[in-house]
Enquirer: 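Take this structure first; my questions come after.
Letters A, B, ... are given to chains in the order of the sequence lines, protein chains preceding strands, and every chain is numbered from 1.
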Amino acid sequence: MRYSRFFLPTVKEIPADAEVISHQLMLRAGMIRRLASGLYTHLPLGLRSLRKVESIIREEMDAAGALELLMPMVQPAELWQESGRWEKYGRELLRFTDRHDRPFCLGPTHEEVITDLVRREVRSYRDLPLVFYQIQTKFRDEIRPRFGLMRAREFLMKDAYSFDVDDEGLDRTYRAMYDAYCRIFERCGLDYRPVEADTGTIGGHASHEFMVLAETGEDSIACCTACSYASNVELAQVVSSPPPLVSPESREEARKVSTPGKRSIEEVSGFLGIPPDRIVKTLVFATDKGPVAALVRGDHEINEIKLGRFLGVEEIRLASDEEVRLAAKVSPGFVGPVGLSGVRIVADPAVLSMDGFTAGAGEEDYHIVGLVWGRDLPVPETADIRNITVHDPCPRCGGRIEIRRGIEVGHVFKLGTAYSEALGARFLDENGTEKPIIMGCYGIGVGRTLAAAIEQNHDANGIVFPRPIAPFDVIVCPLKTEDPAYIHAADDLLHALTRAGFQVLLDDRDLRPGVKFKDADLIGVPVRVTLGKLLADGIVEIRERRSGEVVMCPMVEVLERVSSLLVR
RNA sequence: CGGGACGUGGCUCAGUCUGGUAGAGCACAGCGUUCGGGACGCUGGGGUCGGAGGUUCGAAUCCUCUCGUCCCGACCA
């Protein structure tokens, strides 16, 4: 490809609207352009990389026995009504009607469509197992699209769905997909971790998220430093807290203290000179089973998902100020476990080992210090309802936990029979018994994977693409374009390298060397071949983008040198 | 949806407080000099100042409404 015949609008300045580095670089390198919030055009350069990620995914899915198909993006409402998600999915589902006023939506995912297909076509256990996948545009009307391709509204996704006769079959398929995902992300040059994930409201049996480790990630992951345990913080179990303290020697009387206007743990801690881990944080939640007060230590974070699951409620959210006043008869900030009647109280185990603690008094502008469980107030029921911290042990091996940020690029999920039962996708087993098909689903954000790869592979000058997803393998830069000798030599290189199977960009623009170098670095092509002053002696320069290492090389050896750089 | 900020040539922004002829740098076109890490000089083209309404002799600037964008939060199989 000749640069002059290509379309590559690079930008020197950092776009003002781009927050994260991958977004900035994709804009600067001329890979993407924004059309509207969360909507991006993939320019030729970006598309080349995107297609490479796609190809890697396709190869590994095919190798794992999955079959590619392509489903419509527009889906009829009735399918979603059948699965119950027309009501449940919320406003992320973009709904509209056609000219006949029939309701449709843009597909954010395809469980309904694929299950509909399978229920029509599959009758017998002989037809199973099956894994279908597609690489297709999805639309989710995100509340807040951000970070370019990282969280777009319209985005390219590989989604796969598996159909098995029993749980053992699902386990095998799940494992095969899991392994394929590992190969895919390795080939994309990513530093990633498969982590245990929340199974969400679908209530499946198992789920893993594939997280690319990056500071800009939107998720927190708890990783063990000793074993291979890694889990989404949302899910990570907090196994042990120190046992409840029994009868310490000196116990002061609990007493009420004035704390005017001090609502947050931080304010109360600072005002009373009591560390946060001696204060109990009381948060009121509104649920479909009424208000619930949750107690955690002041330095801990409550985990709504865990709380909701423990309570067995469908809906849970932090209560509004109004709801708090109604339930606790005091405004938020002064709610405490004392004298809280008619409200279910759930405490984190760590709270029970606190002795002589401070909490809201249940009275405007007052807290109580020196509280003792069993003496001043009854011992509440306990459950693991908080987020894991670096001070907690690994739930698997007891090792030290660290919290890291991650970008979720893939998700594998054992669905079970939720959709096959709702939509009636059944088969007859070898005994002639009718059973629901056991399903799994498996997603990869293609654009997000590309963005994550850039997030992990860049330097001050731009992108440093791993070869498998680089838009070109080699960029050839003749520094004098008015000199026929340079042009001919560059052309020869272009053809020789192309014939050898490399994808080559020839920078034939009549520009100063500095400009060409900057652009070459920015777009991240792994190898640059420069034709400069020594060309007359048959010598060119070969430079590796990642290391910056430069070797001078006779023309005849270029192919060999370039190959060795790209293959390793 | 709550809080905050911002919309001025293609891009990054100044000008807005204190109303008075729309600016700079980059980019773009032409000419010349340059030519191994985003060169320099001269010349030139390009903007209904997001939109609508209002105040005023006069609005990018003040007021009201509206649309859009970004950030924080809430939300998120």
Enquirer: Across the strands shown, which category fits Arg140(A) at heavy-atom distances under 4.0 angstrom: base, sugar-phosphate, nothing?
Expert: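 Here Arg140(A) touches the bases of the nucleic acid.
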
Enquirer: Counting neighbours of CD on Gln81(A) that are heavy atoms of other residues, nucleotides or ligands and sit closer than 6.0 Å, is the number greater than 12?
Expert: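 Correct, the count exceeds 12.
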
Enquirer: Rounded to whole angstrom, note down the C1' distance from rC42(B) over to rA22(B).
Expert: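 Rounded to whole Å, the distance is 24 Å.
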
Enquirer: Centre-to-centre under 6.0 Å for His42(A) and Tyr40(A), is that the case here?
Expert: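 No; Tyr40(A) has its ring centre 6.0 Å or more from that of His42(A).
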
Enquirer: Tell me whether the OP1 or OP2 atom of rC71(B) has a side-chain N or O from Arg146(A) closer than 4.0 Å.
Expert: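 For rC71(B), OP1/OP2 do not have a side-chain N/O of Arg146(A) under 4.0 Å.
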
Enquirer: Does the separation of the ring centres of Phe6(A) and Phe472(A) fall below 6.0 angstrom?
Expert: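 Yes, the ring centres sit under 6.0 Å apart.
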
Enquirer: When we call it a touch if two heavy atoms are under 4.0 Å apart, what does Arg34(A) touch: a base, just sugar-phosphate, or nothing?
Expert: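 Counting heavy atoms under 4.0 Å across all strands, the contact made by Arg34(A) is with sugar-phosphate only.
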
Enquirer: If you look at every strand shown and take non-hydrogen atoms under 4.0 Å, does Ser37(A) touch a base, only sugar-phosphate, or nothing?
Expert: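 It contacts sugar-phosphate atoms only.
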
Enquirer: Name the nucleic acid region contacted by Lys480(A), choosing base, sugar-phosphate or nothing; use a 4.0 angstrom heavy-atom cut-off, strictly under.
Expert: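 Contact class for Lys480(A): none.
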
Enquirer: Would you say the side chain of Asn461(A) and the base of rG37(B) hold a donor-acceptor pair, judged only by whether the two atoms sit under 3.5 Å apart?
Expert: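 Donor-acceptor pair under 3.5 Å: no.
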
Enquirer: When we call it a touch if two heavy atoms are under 4.0 Å apart, what does Glu142(A) touch: a base, just sugar-phosphate, or nothing?
Expert: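 Nothing, no heavy atom under 4.0 Å.
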
Enquirer: Contact class for Glu218(A) (heavy atom, under 4.0 Å): base, sugar-phosphate, or nothing?
Expert: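 Result for Glu218(A) = nothing.
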
Enquirer: With the side chain of Arg151(A) defined as its heavy atoms from C-beta on, choose the nearest nucleotide among rC72(B), rC76(B), rC13(B).
Expert: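 Comparing rC72(B), rC76(B), rC13(B) against the side chain of Arg151(A), the answer is rC76(B).
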
Enquirer: Using atom C1' in both nucleotides, what's the gap between rA59(B) and rG19(B) to the nearest angstrom?
Expert: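 It works out to 6 Å between them.
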
Enquirer: Hey, does Leu522(A) reach any base, or is it just sugar-phosphate, or nothing, if we go heavy atoms under 4.0 Å?
Expert: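 Base, at least one base atom sits under 4.0 Å.
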
Enquirer: So, for Tyr178(A) and Phe210(A), is the gap between ring centers shorter than 6.0 Å?
Expert: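 Judged by ring-centre distance (under 6.0 Å), Tyr178(A) and Phe210(A) do meet the cut-off.
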
Enquirer: Considering every strand and a 4.0 Å limit on heavy-atom distances, what is the contact class for Glu92(A): base, sugar-phosphate, or nothing?
Expert: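 Contact class for Glu92(A): sugar-phosphate only.
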
Enquirer: Using a heavy-atom cut-off of under 4.0 Å over every strand shown, decide if Met439(A) touches base, sugar-phosphate, or nothing.
Expert: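 Nothing, no heavy atom under 4.0 Å.
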
